[in-house]
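Read the structure below first, then the notes.
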Amino acid sequence: MAEEKKERYYPREIEPKWIEKWREASTYKASDFDKRQKKYVLVEFPYPSGFGLHVGHAFAFTGGDVLARFFRMKGYNVLFPMGWDAFGLPTENYAIKEKRRPQEITRENTTRFKEQMQRMGLSFDWEREINTTDPDYYKWTQWIFIELFKKGLAYKAQMPINWCPSCKIGLANEEVINGKCERCGAEVTKKNLEQWIVKITDYADRLINGLEKTNFVEKVKAAQINWIGKKEGAHINFPVKGKDLKIRVFTTRPDTLYGATFMVLAPELSSLSELTLPGQKRAVEEYIDQAQKKTELERTELTKKKTGCFTGSFAINPINGKEIPIWVGDFVLSSYGTGAIMGVPAHDERDFDFAQKYGLPVIPVIEPPENDWDFSKSAYTETDRGTTVNSELWNGVTPTEAIKLAIKYLEEKSIGKKATTYHLRDWIFSRQHYWGEPIPMVFCEKCGWQPVEEKDLPVRLPPVEEYEPTKTGESPLASIKDWTMTKCPSCRGKARRETDTMPNWAGSDWYFLRYIDPKNNQSLADQKKLKYWLPVDIYIGGDEHNTLHLLYSRFIYQFLWDIGVVPKEEPEPYYKRVSHGVILGLDGQRMSKSRGNVVNPDEIWEAFGADALRVYLMFIGPFDATMVWSQESLEGVYRFLKKVWNLFLNQVSEKETEAKLKRKLHQTIKKVGEDIGNFKYNTAVAAMMEFANSWQASGNLSRSDSLLFLKTMAPFAPFLAEELWSRLGEAFSIHATSWPEHDPKLIEEERVVIAVQINGKLRETLEIDFSLAKNKNEVEERAKKSEKVEKYLKDKELKKTIFVPGKLINFVVS
RNA sequence: GCCGUGGUGGCGGAAUGGUAGACGCGCAGGACUUAAAAUCCUGUGCCCUUUAAAGGCGUGAGGGUUCGAGUCCCUCCCUCGGCACCA
C-alpha cells in the first residue's frame, strides 16, 4: 500500500523495533523445570482461515496476553503458547475451488496469522508453535486413536450421514440448510455408512465427577453436566400381545407405571417392521420416511405439534396386564434411552401433548397435594409432593418413595431393573473428507481391522488429484488405489487402508500437552515436563466450546491418564476454565462476511497502533460479555494513550509527587492488579484513565513514581511501556521487571464522605476525617446537626439508627 | 423444545445488600486560534422550575424479604448463545 500513513502520537518504528528486541532476547520464553513457580495460560488456538485474524481472536488473545504478562511480572515462569488447529472444511473447500493443495493454503494462512499476532504484541513463546496438520504432530493424534482401539474404545458401526442424492456427496450439518443441500438445493437424505465410533460414554461418570477437581466457572460446569445428562430410572420390559417379543423402555418415573396408556417407539427402531400390522404398514412406512428427513432439533422442538402413527399392535403393561397401543413417533429418539417410551400422559408433558392430539386416555396415578389439578389441561410432573393413587402395589406414598418401591418390585419379578441413561452419545469419529488425519487402521479379510504399527506412523496424507468427496460417499483417499492397497500388519497378507479421516476435534483434544514438549519424537510429551507444567492453570475459550471440545479433550486426557501417558498426580487437564465474550459488528449482529459487518484488526492496527487496539479491546466491556464494536470508543482509548505518552514526556521530574496524587497512584496499582487477576480488564483500564486524569490535573509526577505507573500499563500497552521505559533511561526490558507493590499506608483517604439516610433515603452527605468516620457517636452527632437532617427528624420518633463505619448512617423514624 | 447468558442514561458500561450511573463515547458551553484541527476547562439520568434551592421519579414488568434491593427470593416478558459433521 503506497497510501500515506496517518500520523500517530509515537514514531511508527518503535513497534517493529521492540518486536525484534523481544524475539532476540527471548523475553517471553517459558523455561522447563525453572525454579520459579509455573503458570500455564492457555488460549484456544485458532483455525487459520483465509480471512486472517478476526477481532474476536484479537480480543481473546489479548485477554490471555495481559494475564500472561501480569503473571511474568508477578514472578512466575509462564507458559503462554500458540499454534494452529488447521485441519478442516473451509480449507478443503477452498482447495477444491482454487485447485490448490490444502497444505500450501494452510502455510499461507498460518504465516499471515502469526505475523498479525506478533504485530499485536502478543507474548507467545513461538519456540513452542504447533500445527495439527504437521505429520510430526498428527503422528501422535493417530497414536492416541490406536491406543483407544487397543483398549476397545473405538469400534465400527453403521451410522447415518447427511447425503445429497443430487451432488452424491456427504454433507456436514453446517452444509444442510433447512433440510436442503447448501450447494444445489436438493432435499438432503440420510445414508448409512460404516463409521468409527469412540466410546466416550464409558467415561460419562468420570467426566461428571472430575469436575469437582476443577475450578471452572459454574456455567461451564453446568454445560458439561447437562450435556452428559445423567438420568436415573428403570428399564421395563413390555411383552407385545400375540408376539414372542418384548419391548424395553427407559423411564425416570417407574412410579407412574400404572398410568401408562400407550407406548411410542422411535422411527429408527428395527423391531417396528415386525410390530406393524398389515393394515397399518403403508401409513407407518410413510411416517418413517417423513421423520428421516427431519433433523433431531426439528423432531424435538415444537411441543404442540408432536406427530405419530399407530402400528396396530398392542403391548401388555407388565404390572397390571392392561393392553396399550403401540405408536411410532419422531419425538422419541433412537439415540437416547432405549428408543422406546411408555406414555404416561397424566404425569409427563410430552406424553400429555401426544395423548391430546390422538385422543389417548389420561389416567392419573399421583394425586397432587391440593387435589384441584385439572388433568384435562396439563400433566402433573412434580416428584417431591403428591400421593400415589390407583397404583395397587405402591399407593399412598410420595412419588419419590414410589420410584424406589417400583424398582424393587420390578427387579424382584424380573420385569425390569434399575438403570441409568445418559444424554451423552458415543462419538462418531469418521469423516469422509481429505483434509484431516488419516485414521491409521487397515482392514484384512483374514484378521479384520488392525491398527497400523507404531513404527509406520504417521500415516501421511497422500497427494491426491481431486479433493472432492467421491460419489460413493467415501473420502477422496478411497480413489488412490496404490495408497489404499497395503499389507496386513498382522498376517502380512493383502489388506486395505481405512480411507476416512478424523474429525477436527481429534487434533485439538490434546494440543495443550504438545506445547509442553513440542519436538519430542519418542512420545507425545515427556513425563517429567508434563509433571512440571500440568495442569493448565487457566484455559480461556469461547462458550461454543464448553461442551464438545472441552468434554472431548477432558475425555482424551482421562484416557491418557488411564494408560499412564500423563502424570498420575493430575487427573484433570484444566484447573480453571474462563469464557471470553463475543464482539458483535456495528449493527449488533455477529460479524460475518455475508453481513459485511466484519471489523478487520489490520485496519485498526494501521490507523491507531497495536497498543490502542489492545487497550480498546480490554476496555470495551467485561471479558465474558457480548459487546458491540464502537469506533468512537476506540478513538477515546487512543486519546488516553496519547495523553499518557505526553504526560511521560512533559510531566515527569525529580520533584517529589504531591501526597494526593501519590495516594491515587497506590490506589491504582492495587486496583489494576486485583482487576487483572479477576479478569476485570475494563475497570483496570478505567482506573488507569482516572490516574492519568489526576496526573494531568496535578502537574508533576516523580520519576520513580512514573516508573511504577508505567509498569501497571505494561501488560496492556507493551509497546508504549517498553519505549517510555527506555526513554526514561531504564534497562531493557520493562516486561522482565516485577509488578509494583502498593503501599497500604498510602492508600487510605484522609477525608471520607458519609451518606446520611432517613428511612433508607439519601438526604445528606457529610465530609469527615477518616479517623472519625468509624466512630458511631461522632457521626451521629454531626449528622443530627445538619439542617436537612433535622427537618426530617423533627416531630418524629427515632426508632433505630443503623451505622456502617466509614460509609453510612441511616435514621429509621416513624 | 432443552440447557445456558443477559436486560442499568442518547450509547459502551461501573457499582463486597449501603450515596445508582465510575471510566469512556456523544452532546452543550467556554479557552486557545485569523480560522480549523488538536488540546484544555466546565456541564450533562429524567420530571417540575426562568434559574437556583428544594423536591419527585428512576436499573425489563409485577410481587416479596430488609432499616436499606440494580444486587437476595417468587412469577412473568424479552434478548443473545449452544444443541453433537462449522471450528
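Order of the sequence lines fixes the chain letters, A, B, ..., with proteins taken first and strands second; residue numbering starts at 1 for each chain. Computed from a predicted model, the values in this text were never measured in an experiment.
If you take atom P in B:G70 and the same atom in B:U16, they sit 13 Å apart, rounded to whole Å. Using atom C1' as the reference point in both B:C86 and B:G82, the two lie 13 Å apart (nearest Å). Taking the P atom of each, B:G18 and B:U71 are spaced 11 Å apart, rounded to whole Å. B:G58 and B:U51 are spaced 23 Å apart, taking the P atom of each and rounding to whole Å.
Stems are defined here as 3 or more consecutive Watson-Crick or G-U wobble pairs with pairing distances under 3.5 Å; those involving RNA chain B are B:1-4 with B:80-83, B:10-12 with B:23-25, B:26-31 with B:39-44, B:45-47 with B:55-57, B:60-64 with B:72-76.
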Quiz prompt | Sequence-aligned protein contact record of nucleotides 18-27 of chain B, with B where the base is within under 4.0 Å of a protein heavy atom and S where only the sugar-phosphate is | solution = BB--BBSSS-

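The aromatic ring centroids of A:F811 and A:Y792 lie 6.0 Å or more from each other.
The closest side-chain heavy-atom distance from A:F145 to A:I439 is below 4.5 Å.
Note on A:Q432: a base of the nucleic acid sits closer than 4.0 angstrom, heavy atoms only.
The ring pair (Phe, Tyr, Trp, His ring centres under 6.0 Å) with A:Y616 is formed by just one residue from the set A:F716, A:Y638, A:F59, A:W629; it is A:W629.
Contact annotation: A:R763 side-chain N/O to B:G56 OP1/OP2 distance is under 4.0 Å.
Comparing A:G621 and A:E349 along RNA chain B, the residue whose closest nucleotide (by nearest heavy atom) sits nearer the 5' end is A:E349.
Within 6.0 Å of NZ in A:K776 there are more than 12 heavy atoms belonging to other residues, nucleotides or ligands.
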